[in-house]
Amino acid sequence: MMSASYLPKQARVVVCGAGVVGTSVAYHLAKRGCVDVVLLESSRVGSGTSWHGSGLVSQFRSPSERNLISYSAQLYEQLQESGHNVGWQQCGSLNIAQSKNRWISLRRFYAQSQATDLDCQLLTPKEISELHPLLNVDDIQGGVWVPSDGVAQSILLCNTLAKLAQQQGVKIIENCKVNYVHTNHETVSSIETAKGRIDCEYFVNCSGLWSHDVALNTDTPVRVPIHAALHTYITTKTVDDVNISHLPFVQDYDGRIYVREWKKGLLAGGHELLGKPVTPRQTLEFQHMPEDWERFKPLYQMMKKRFPLFGRVAIENVYTAPENFTPDGKWIVGESPEVKNYFVGCGMNGNSVPGAGGLGKALADWIVDGESAYYVLPFDIKRFIGLHNNKKFLSERVKEIAAKQYTLKFPMQSEFRLARKLRCSPLYTLEEAAGGVFGERMCCERALYFNPYSKGGNAAHIMGPGTFGKPDWFDFVKEEVITCRTGVGLIDLSSLTKMELSSNGTEVVSFLQLLCANDVDVPVNYIVQTGMLNDHGGYFMVCPTFQHTRIKEWLSRHLPMDGSVAFNDVTSMYTVLNVVGPKSKELMAELTCSDMNLPPFTCREMNLGYASEIMVLGFTNAAEPGYSIFVPSEYALHIYDRLRAVGRDYGLRNVGYYAVRFLRIEKFIPFWGEEMDCITTPYEVNRGYKVKLEKDYFIGKMALLKQKQTGVKRRLVHFTFENHDLEQDYWPWGKEPILRNGQIVGLTTSSGYGVTLDKLVCMGFVHKGTGVSNEFVTGKNVKFEIDLAGKKCPVHASLHPPKIPVITLDSTQQYSPKVRGKVQIH
């Protein structure tokens with residue numbers, strides 16, 4: 001492989017960074033026939049941090065990650081078998097647990113992996129010892145063996161992928177730093193480099209540690225939120241008296257270490273309890289980082305405990321270098337929301353090798369086809385907001401992210417501790433005083449539940465120890481749900497994304513008719529609930545808070561070119577309060593001095609206390625009767641105080657997000673942020689809504705019509721647990737296998753406790769290649785079970801919400817979200 005001697009004047013695609021991700025993008029573009037590609041590297045191919053890292057290719061990950069990693073493993077194996085040395089060895093992996101909770105976690109993940117076709121096995125300590133005789137298993141609970149896992153060497157991968165890309169026509173130019181990216185009408189137009197200027201249609205930022213700074217050097221700066229933290233690993237001298245070449249690599253999650261074979265010796269590293277950020281200046285000296293043995297020593301002690309061999313084999317090298325991490329520990333991939341045709345592939349969180357192959361293919365497909373065949377929504381760069389790119393925020397958050405690689409995560413009970421209290425409702429301090437225990441989403445603080453016995457102080461507002469059974473907050477949340485069903489609850493939903501669209505005429509209506517699946521041409525002061533779809537008919541607005549950037553970008557890119565429609569992000573301008581429950585009408589009537597004759601799904605401006613012209617909606621996000629109040633933030637404290645004061649006579653209680661989750665799931669309504677799927681069916685997308693399929697045009701219509709004609713291969717099903725012990729049994733938390741007559745037919749998406757039913761409930765997609773009929777779900781001889789960490793629990797399946805008492809605001813008017821119409825499936 002030779003570097004090109006000159007910089008072309010133009011290319012279709014310019015890729016910045018010849019590390020393992022950048023070379024993968026170039027290789028896959030060439031495979032797709034896109035050879036008008038220039039790969040730029042500021043030094044030499046693979047000279048960034050690609051020489052550094054473990055090279056572990058572990059597929060024992062979430063399904064969305066595994067799809068990309070499995071492709072990587074297959075690619076590396078094919079390259080190796082074709083005579084290209086990439087250091088690939090399919091040695092398998094052992095994932096072991098010391099603690100009881102970790103063992104439960106591994107069994108839950110094992111069950112999920114079985115449902116998504118990963119070949120893996122649960123092993124006892126004895127079986128682990130037989131498979132890997134060098135391991136000390138005295139304190140091990142068990143483990144999971146994944147035979148298709150393996151190891152590769154990133155520097156060899158870089159060189160191989162670059163060589164193959166070059167052979168197909170890609171130009172590689174080394175010692176050519178990217179200085180600036182120019183745009184034309186917010187679309188990539190040209191790149192300024194150390195060797196001159198090159199025009200291009202697409203730019204792909206795969207700059208690793210430097211992706212953040214490269215992205216800022218753009219006419220319209222692009223946000224790539226990554227930050228470096230130190231990572232240390234060691235290699236030993238050759239082990240002469242033991243053959244270790246065939247042994248699987250080991251991940252001891254509780255011990256926070258990994259160990260693999262390396263050149264007839266061992267390579268081992270790990271993740272400390274708190275990561276150490278690396279300053280931007282230090283990244284310039286990344287190949288000369290000083291050793292920090294005191295930080296690494298506890299990990300080394302664990303290595304010697306787990307592998308007694310370390311006690312007699314000398315360390316040959318200690319490698320300390322920065323690795324880049326993202327604010328949520330997930331990769332970053334996709335087209336930036338700021339600049340069209342500006343793509344990003346980075347944020348590999350300490351190990352580039354497992355994701356590089358799949359991400360390279362996903363990005364290449366995205367550029368060539370306009371979309372990726374892989375489900376990459378969890379990694380889409382549009383999941384971030386501006387605050388995520390703040391360097392002080394990143395420096396603080398990376399300490400925790402670097403450590404979380406092996407930290408045990410309890411579902412709905414694991415929250416970040418660092419870089420908090422950044423985006424707060426005006427009511428935060430009052431809710432904190434009321435015993436609020438907060439979680440964070442998109443840097444917004446949201447009360448998850450309220451502990452009425454809290455005595456104040458920071459410790460009182462931190463979630464307690466996690467569990468896979470009944471959580472310690474259960475009784476608090478149950479009482480909040482009961483309050484919403486029998487009295488009146490007050491819910492702060494200020495973090496929800498809020499957009500204001502306007503036009504001089506009816507242009508805004510036409511604009512929304514294009515984007516929305518439901519008919520939005522309704523009278524003034526009426527409310528429409530609708531899905532905003534992509535070209536495949538999938539949900540576009542799933543979690544309003546989480547989808548903040550995606551919504552803004554989607555609206556911006558579809559605005560009329562004539563400027564007839566304008567929109568503003570008014571999220572921070574309004575505090576949103578839901579007043580929920582059968583007594584909410586009486587409370588609001590006293591507060592507004594009106595009769596509150598506000599029909600469901602309508603809105604009206606009202607006076608609340610001393611505040612005038614406050615928008616009140618006859619709708620709540622908790623699927624209970626009540627009202628949503630959109631309050632200009634300067635009035636928030638006053639209205640909150642008035643609600644609390646007047647609400648004492650009605651038994652008003654603060655309610656958090658977990659209670660909203662319980663309220664919604666019992667009624668078969670997905671909670672915001674549930675990872676449903678990118679491609680869905682008319683019934684799933686528009687559950688409870690009437691879709692205008694027969695007339696008008698809107699984005700996604702053809703996909704919905706096609707799905708309606710061809711039939712439904714997946715159905716969203718509601719499950720109620722039978723004979724489940726709330727106190728002793730494990731709980732469902734989402735992503736559990738669904739079994740029909742003993743065969744796995746899907747995974748749950750979410751779960752909760754049905755207070756009215758006094759049972760745990762789940763929802764999840766049931767699939768069958770030939771189509772899912774009503775009989776397939778509710779047939780007489782059909783038996784459904786949910787796998788809870790290996791225990792099969794019987795459940796009752798239904799295509800409709802359970803029959804629970806309908807609570808109304810008065811005797812003459814019923815208000816229930818389930819009577820909104822539905823799409824018929826043929």
Side-chain angles (χ1 to χ4, degrees), residues 64 334-335 337 340 362 365-366 368-383 497 499 501 506-522 527-544 546-561 565 567 669-670 672-716 749 763 765 767 771-772 820-826:
S64 52
E335 186 179 16
K340 295 178 183 177
D365 290 345
W366 206 328
V368 174
D369 300 328
E371 62 184 358
S372 170
Y374 287 102
Y375 179 57
V376 295
L377 187 62
F379 320 116
D380 193 345
I381 191 172
K382 297 182 185 70
R383 71 186 186 269
T497 296
M499 299 289 177
L501 292 95
T506 61
E507 294 89 350
V508 70
V509 176
S510 300
F511 173 60
L512 288 176
Q513 291 286 60
L514 171 68
L515 297 184
C516 299
N518 290 351
D519 192 347
V520 300
D521 191 4
V522 298
I527 299 168
V528 176
Q529 273 204 314
T530 179
M532 186 180 288
L533 312 182
N534 59 26
D535 290 322
H536 296 286
Y539 257 118
F540 199 76
M541 300 170 69
V542 178
C543 171
F546 185 67
Q547 297 289 1
H548 188 123
T549 301
R550 280 181 65 85
I551 293 169
K552 289 179 65 175
E553 186 265 352
W554 186 255
L555 290 171
S556 296
R557 294 198 176 185
H558 289 86
L559 285 172
M561 296 295 292
V565 176
F567 86 93
I669 302 173
W672 315 294
E674 300 295 355
E675 191 176 308
M676 302 299 283
D677 202 309
C678 202
I679 300 176
T680 53
T681 68
Y683 183 79
E684 294 157 3
V685 169
N686 302 287
R687 171 171 294 280
Y689 309 139
K690 185 177 181 180
V691 181
K692 56 181 193 308
L693 287 176
E694 287 73 27
K695 61 179 182 178
D696 300 331
Y697 171 79
F698 61 93
I699 294 173
K701 175 182 177 179
M702 298 308 297
L704 294 186
L705 286 172
K706 181 179 179 180
Q707 289 174 359
K708 185 176 181 181
Q709 292 165 0
T710 58
V712 179
K713 296 182 180 180
R714 302 183 308 118
R715 294 288 288 273
L716 189 61
T749 60
M763 63 176 70
F765 287 113
H767 57 76
V772 179
R820 297 174 189 158
K822 59 187 178 184
V823 174
Q824 297 297 321
I825 302 299
H826 301 291

Just by modelled atom types, is the M763 backbone N or O under 3.5 Å from a matching donor or acceptor in the T749 side chain? yes

What are the two closest heavy atoms between E335 and I381, and how far apart are they? O-CG2, 3.4 Å

Ignoring hydrogens and angles, tell me if any N or O in the side chain of Q513 forms a donor-acceptor pair with the backbone of V520 under 3.5 Å. yes

Looking only at heavy atoms, the pair that brings M499 and L555 closest together is CG-CD1, 4.1 Å

Could you report the tightest heavy-atom contact between T549 and K382, atom names first, then the distance? CB-O, 3.1 Å

Measure the NZ-CZ distance between K552 and R557 for me, rounded to the nearest 0.5 Å. 13.5 Å

May I ask you to decide if E371's main-chain N or O and D369's side chain share a donor-acceptor pair within less than 3.5 Å? no

If you take all heavy atoms of S372 and D365, which pair is closest and at what distance? CA-CB, 4.4 Å

Kindly give the heavy-atom pair with the smallest separation between L501 and L512, and that separation in Å. CD2-CD2, 4.3 Å

Do you know the tightest heavy-atom contact between W554 and M532? CD1-SD, 3.5 Å

Applying side chain to side chain donor-acceptor pair (under 3.5 Å), can you list everything that pairs with D380, at least two apart in sequence or on another chain? R550

Hey, could you give me the CG/CZ distance between L514 and F698, rounded to the nearest 0.5 Å? 10.0 Å

